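Quick note on labels: first sequence line is chain A, next is B, and so on, each numbered from 1. Here the structure is a predicted model, which is why all the values come from computation and not from measurement. The basis for the numbers below is simple: all heavy atoms, side chains too, and nothing from hydrogens, waters or symmetry mates.
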Amino acid sequence: MDNSQIADMFSRMAMLLEFKGEDPFKVKAYNNAARNIKRLDEELFHMYGKGNIEDINGIGKALEDKIIQMLEKGTFKAYEKVAEEIPEGIMEIMDIPGIGPKQARLFYEKLGISSVDGLVKAAGEHRIRKLPRMGPKQEENILRSAIRYQQHNSRGRHTIAFAMKMAEEIREALCSAEFIENVVIAGSLRRKKETVGDIDLIAVSSDPEKVVSFFTGMEKVEDVLVTGTHKASIIYSCNTMGSINIDLRVIDGHFLGSMLQYLTGSKEHNIHLRKLALLKGYSLSEYGFTDQGTDKSVSCKREEDVYRLLGLEYIPAEIREDLGEIEASQSGNLPALVKKEDIRGDLHIHSNWSDGTVGIENIVQAAVQRGYEYIAITDHSPSTVIANGLSEKRLFEHVNEIRCIQEEYDNIRILSGTECDILADGKLDYSNGVLEELDIVIAAVHAGQNLNREKMTRRIVAALENEHVDILAHPTGRKFGRRAAYDLDVDKIFAVAKDNEKALEINSSPWRLDLNDINAKKAKENGLKIAINTDAHTIEHFDNIGFGIDVARRGWLGPDDIINCMGMKELCTWLGIHK
DNA sequence: GCCGTTTTCGGCCCGACTGTTTTCAGTCG
């Protein structure tokens with residue numbers, strides 16, 4: 001079993017225990033363990049070999065024993081025992097928003113309901129409203145929620161690019177109201193997670209109820225899930241692109257700092273901060289600090305104040321995951337994260353020589369406009385037939401055209417390159433003699449993505465051992481909603497890349513973001529260099545660089561870790577270009 | 001079930017909203 005399977009099993013165990021009405025802190029321990037396992041950058045079976053499973057935060061003797069059972073047998077006894085007592089459909093019922101373990105248990109015990117279909121039927125027949133603490137309204141909400149769940153069973157997540165666009169649209173709509181002073185984006189979107197489940201917004205206003213009613217009355221509101229005096233939750237229609245959940249909190253400006261800090265999360269980061277506050281004698285909430293002794297409270301207008309009052313250096317939103325950033329802040333060792341202005345060029349761009357939409361000269365002009373010092377034109381190699389990959393002959397014509405255009409531009413260096421296919425056997429799609437003529441070589445897997453772990457790892461290792469290769473593009477191959485990452489020995493790839501002084505790419509396409517944040521952080525810890533590239537096929541794609549930078553920041557990367565933050569001279573030296 | 005700057009027991013973040021109740025349990029983030 002791999003880490004995510006083990007984590008899932010712990011999550012399911014937590015749900016089952018909750019249903020049974022077990023000690024909530026025991027439930028929490030399972031959930032906590034599941035979360036920590038998901039965030040590990042090493043496979044548990046490796047850690048098992050080394051005997052350091054118990055070092056993982058939140059894993060004690062009992063859970064370690066259960067992990068070992070799973071590694072050896074694919075399950076653990078305690079789980080089997082509990083799962084036997086509880087019908088499978090119960091888990092789905094608890095997965096419906098608004099229904100938790102207590103209600104699921106009530107439905108099961110009193111009405112024998114053990115599936116979402118059964119629940120919908122019971123609600124339709126008005127059998128729910130007769131239960132204790134239930135009524136017509138509860139029944140109606142449960143029915144609506146259950147039907148919605150049936151229709152969109154897969155929990156909708158959205159790419160950060162899409163969510164950001166929608167958030168801006170709503171932000172603009174809200175800001176047009178004169179009684180709203182300001183609207184800020186919070187939540188996982190502000191932390192720049194690669195995908196988000198919902199959008200969290202904060203509106204500053206002295207008339208919260210008016211804001212809530214304006215918000216819930218917007219034209220594209222499909223459904224109102226929650227409305228209160230200072231808070232509302234809606235489902236917002238994105239026309240052909242489905243819909244997205246939006247949560248809004250409305251507050252007085254005096255609380256903006258603490259509210260923004262709270263709503264930005266992550267949950268784990270906040271819990272850690274609140275514990276820290278308690279140690280100092282304060283309770284921390286979205287409204288600020290309360291002295292436990294005197295009951296006096298201090299609100300925070302600026303987010304920086306929350307961190308300052310805890311004796312911490314300000315922590316950038318992207319790394320608030322409780323993965324060591326609080327400790328780093330305490331000891332003054334927070335990393336200086338890469339910023340947009342640190343990026344001096346883009347090293348992975350396609351022109352209309354292969355499957356890009358525009359000519360090289362247009363690309364160069366767009367790059368100049370963005371203030372880049374250099375770019376690399378890296379069209380596809382012959383095997384990628386579908387993308388009109390360049391034959392050797394066309395590749396040399398392509399290089400010539402780049403040289404001609406270069407003569408007309410003295411404020412930008414145009415590197416001639418290729419995104420060269422790594423064939424199934426690990427050989428490259430051009431001969432070494434051809435690759436030698438190029439300024440930069442990006443190697444990438446495109447076809448034959450279903451190799452097993454051993455073969456895929458060997459294939460990429462072979463490419464990394466080629467002396468002409470500079471960068472490995474989209475190293476794990478994952479695409480949101482389309483394709484999982486290759487089965488790959490990432491540790492091995494990192495080690496070989498390090499030995500051969502190759503850079504790994506963070507591909508900025510919102511559908512790829514590959515390497516992801518966790519692997520980017522791991523790459524840095526392994527001393528590897530990173531290239532943040534757009535893989536642009538159109539001029540608009542140039543702007544995707546921001547998403548790649550987000551991933552790099554979430555991976556704790558600074559400009560020193562990134563080759564396209566180098567100046568031109570330094571980059572040429574790194575690439576081995578001597579002219 | 002985990003954990004330790006009150007360390008082997010007794011804690012475990014904090015507040016909003018809803019629908020039911022007539023003071024609160026359940027759910028969510």
inquiry  = In whole Å, measure the gap between the C1' atoms of B/dG11 and B/dT6 for me.
reply    = 12 Å

request  = Determine the Euclidean distance between corresponding P atoms of B/dT20 and B/dG15; express it in Å to zero decimal places.
outcome  = 26 Å

inquiry  = Students often get this wrong, so: under 4.0 angstrom with heavy atoms, is A/K280 touching a base, only sugar-phosphate, or nothing?
reply    = nothing

Touch class at under 4.0 angstrom, heavy-atom based, for A/D198 against every strand present = nothing

inquiry  = Side chain of A/N141 only, heavy atoms from C-beta on: which candidate in B/dG19, B/dC2, B/dT20 is closest?
reply    = B/dG19

ask   = Shortest non-hydrogen contact from A/S206 to A/E181?
value = N-OE2, 4.3 Å

Separation between the C1' atoms of B/dC17 and B/dG10, rounded to whole Å = 31 Å

ask   = B/dT21 and B/dG26: how far apart are their C1' atoms, nearest whole angstrom?
value = 13 Å

request  = Using a heavy-atom cut-off of under 4.0 Å over every strand shown, decide if A/L273 touches base, sugar-phosphate, or nothing.
outcome  = nothing

message = Main chain of A/V338, side chain of A/R553: is a donor-acceptor contact present, judged purely on distance under 3.5 Å?
response = yes

message = Between B/dC3 and B/dT8, how many Å separate the two C1' atoms, rounded to a whole number?
response = 10 Å

note = Result for side-chain hydrogen bond (donor to acceptor under 3.5 Å, both in side chains) between A/T476 and one of A/D514, A/N507, A/N519 points to A/D514

inquiry  = In this structure, is the centre-to-centre distance between the rings of A/F162 and A/F480 below 6.0 Å?
reply    = no

request  = Could you check whether A/I99 gets within reach of a base, just the sugar-phosphate, or nothing at all, counting any heavy atom under 4.0 Å?
outcome  = sugar-phosphate

task = Rounded to whole angstrom, note down the P distance from B/dT7 over to B/dG1.
result = 25 Å

Whole angstrom value for the distance that separates C1' of B/dG29 from CZ of A/R35 = 12 Å

key: Donor + acceptor pair across side chains of A/E321, A/H269 (<3.5 Å)   = no

query = With sugar-phosphate meaning primed atoms plus P, OP1 and OP2, does A/P101 contact a base, only sugar-phosphate, or nothing at under 4.0 Å between heavy atoms?
reply = sugar-phosphate

message = Students often get this wrong, so: under 4.0 angstrom with heavy atoms, is A/S233 touching a base, only sugar-phosphate, or nothing?
response = nothing

ask   = Touch check for A/H272, heavy atoms < 4.0 angstrom, all strands: base, sugar-phosphate only, or nothing?
value = nothing

query = What about A/Y262, does its side chain sit under 3.5 Å from the base of B/dG15 through a donor-acceptor pair?
reply = no

task = Sticking with atom P, work out how far B/dT5 lies from B/dC13, rounded to a whole angstrom.
result = 16 Å

